[in-house]
Amino acid sequence: MKHILLVFTGGTIGSTATDGTINTSSSAPFKLLQLFEQQYHDHQSVHFDTLQPIQILSENLGPAAWKIMIAAIESTQPNKYDGIIVTHGTDTLAYTAAALSFYFHASTIPVLLVSSDYPLDNPHGNGLANFICAAAFIRQCVALGVFVPYRNTGQTMQIHQGSRLTCSLQLTGDFYSVQNNSFMQFDGQHFTSVNTFVTQSSNVDKQHQASLASGDIMPLKPQFSNRILMVKPYPGLDYCHFKLDSVDAVLHDLYHSGTACATEQWGKNHSLLEFVKRCGERGIPIYLAPAIKSENAYQSTRELIEHGAEMIWNMSIEAAYVKLMLAYGNFSEKKQISGFIDRDIACEHV
């Protein structure tokens, strides 16, 4: 018998559709367990303890909710369980997956986040399949860490490393890992490796076990700074709109090639290079992500680095944002912050 802590937080998987409106419902969690018992043939080998610290659509979720989730989980003495499943909405799934990945990086049990693209009553939804996969993952003791099982439309179920999940593609409900490199796949019975990262999954688990045994872990408080400004690039972005009040650090997203506008051809207000200089004058660090570190880089990227921008290499923008929030929430010295950002603690670096 496997004992699983089941944490309900709302989201589409915890919602019903009534008169054309989807909203959280107190009956949805019971519906999920009822469907699980009806369709999972080994349901008697699993026992759930449940709690619901919040009930919210994930688009309304803020970093304070992560602290509530973490406190609720820790209050149950989680190590007495064989695993944890957290139900969650899809809109901010990648951010919560990163937050739990970093905070529970030393967990001795697997933690899985489960979402659904439609409410459970919709026959086209994937929520029940994702939930069954999570239970099977814990039942089979596949690996330690934080993971997200998710079945895209018409595809095999994928298990994503929580720290590598990206936000859903636009105008779809599909999810992918960074570089489309998921952790494993699930055919309904067996978990199998699918690519070069996944073939290293056993090594990742061994490294995790070794870190636990050696005590080489980084204790963290569930403090997520609200003084991190994230800026998205787009043609015509005017940096004069950012006043930088109450900002400790800036995270600037990049285009897919690891670039952003660094020219003054269209005016200084549209140049990230000028914005980097302005941040420097205010003593505000500015970080850039995502970008793959290589021997060659675009001239614009080189200029930004030369003028003081700090690259967060080989990490998704979602993971970089959450890691910065934790860094500035837990540490005050620049050396500590830089060391935390550079160190791989949850397999977040590709």
Side-chain angles (χ1 to χ4, degrees), residues 4-16 22-26 28-33 35-36 48-74 76 78 83-104 107 109-120 122 125-135 137-138 145-152 157-168 173-177 182-183 222 224 316 318-319 321-322 325 346:
I4 298 175
L5 176 64
L6 178 54
V7 184
F8 296 109
T9 71
T12 301
I13 196 169
S15 298
T16 57
I22 298 174
N23 204 353
T24 56
S25 167
S26 59
F30 302 101
K31 180 70 172 180
L32 177 62
L33 289 174
L35 291 172
F36 177 78
F48 294 104
D49 285 345
T50 64
L51 69 156
Q52 186 166 0
I54 55 175
Q55 185 177 352
I56 191 172
L57 292 172
S58 72
E59 63 267 30
N60 297 325
L61 183 147
W66 300 334
K67 192 171 182 177
I68 294 172
M69 291 180 202
I70 290 168
I73 290 171
E74 291 188 323
T76 66
I84 299 171
I85 297 176
V86 179
T87 64
H88 196 281
T90 54
D91 283 345
T92 55
L93 176 62
Y95 293 99
T96 300
L100 298 186
S101 294
F102 292 132
Y103 185 78
F104 290 114
S107 175
I109 59 175
V111 179
L112 293 102
L113 289 90
V114 173
S115 297
S116 183
D117 51 359
Y118 295 101
L120 292 171
N122 190 316
N126 60 12
L128 178 60
N130 297 338
F131 185 75
I132 288 174
C133 178
F137 190 96
I138 294 172
V146 177
F147 303 94
V148 180
Y150 198 88
R151 187 190 67 197
N152 291 337
M157 176 78 67
Q158 302 295 314
I159 296 84
H160 305 275
Q161 195 91 25
S163 61
R164 299 189 179 198
L165 185 70
T166 64
C167 287
S168 175
D174 292 344
F175 280 86
Y176 295 90
S177 293
S182 60
F183 185 73
F224 300 89
S316 74
E318 295 88 352
Y321 176 61
V322 174
M325 296 174 78

Value for CG (L128) from CZ (F36), rounded to nearest 0.5 Å, stands at 8.5 Å
Greater than 12 external heavy atoms within 6.0 Å of Y118's OH | no
Less than 4.5 Å apart, any side-chain heavy atom of N23 and any of S15?
-> no
Distance in Å, L35 CG paired with F30 CZ, rounded so as to fall on 0.5 Å steps = 13.5 Å
Side chain N130, main chain V114, donor-acceptor under 3.5 Å = no
Does the side chain of F104 reach to within under 4.5 Å of the side chain of I70, using non-hydrogen atoms?
-> yes
When the side chains of residues 57-68 are checked against the rest of the protein, which donor-acceptor pairs come out under 3.5 Å, sequence neighbours left out?
residue: S58; atom: OG; partner: D91; partner atom: N; Å: 3.1
residue: S58; atom: OG; partner: T92; partner atom: N; Å: 3.4
residue: W66; atom: NE1; partner: T96; partner atom: OG1; Å: 2.9

Could you tell me whether a side-chain N or O of T16 sits under 3.5 Å from a main-chain N or O of S25, the two making a donor and an acceptor?
-> no
Just by distance, do the side chain of S116 and the backbone of T12 share a donor-acceptor pair under 3.5 Å?
-> no
Heavy atoms of A135 and I4 approach each other most closely as CA-CD1, 4.4 Å
Which atom pair, heavy atoms only, marks the closest approach of S163 to A319?
-> O-CB, 3.6 Å
Taking the side chain as every heavy atom from C-beta outward, state whether L33 and F48 have any atom pair closer than 4.5 Å.
-> yes
How far does CG of L112 sit from CG of L100, to the nearest 0.5 angstrom?
-> 11.0 Å
Side-chain donor-acceptor pair present, H88, T9, cut-off under 3.5 Å | no
Spatial distance of atom CZ (R164) from atom OG (S101) [nearest 0.5 Å] = 11.0 Å
Do P110 and I138 have side-chain heavy atoms sitting under 4.5 Å apart?
-> yes
Quick one: sort the F137 and F147 rings into parallel, tilted or perpendicular, breaks at 30° and 60°.
-> tilted
Compare every heavy atom of G162 with every heavy atom of A97, then report the nearest pair and how far apart it is.
-> CB-O, 3.4 Å
Short question: side chain of D174, backbone of N152 - any donor-acceptor pair under 3.5 Å?
-> no
Check: Y150 and T90 side chains under 4.5 Å, non-hydrogen atoms | yes
Backbone N/O of A98 and side chain of E318: donor-acceptor pair under 3.5 Å = no
Quick one: closest heavy-atom pair of G125 and D117, and the distance?
-> CA-OD1, 3.3 Å
Is T87 close to L6 at the side-chain level, that is, under 4.5 Å between some pair of heavy atoms?
-> yes
Is there side-chain contact between Y103 and M69, with heavy atoms separated by less than 4.5 Å?
-> no
Between Y176 and L165, the two heavy atoms sitting closest are O-CD1, 3.7 Å
For the student: nearest non-hydrogen atoms of S168 and F175, plus distance | N-CE2, 3.4 Å
How many angstroms lie between atom CD of Q52 and atom OG of S26, to the nearest 0.5 angstrom?
-> 8.5 Å
Taken to the nearest 0.5 Å, the spacing of I73 CD1 from L51 CG works out to 7.5 Å
Report yes if some heavy atom in the side chain of T24 is under 4.5 Å from a heavy atom in the side chain of I56; otherwise report no.
-> no
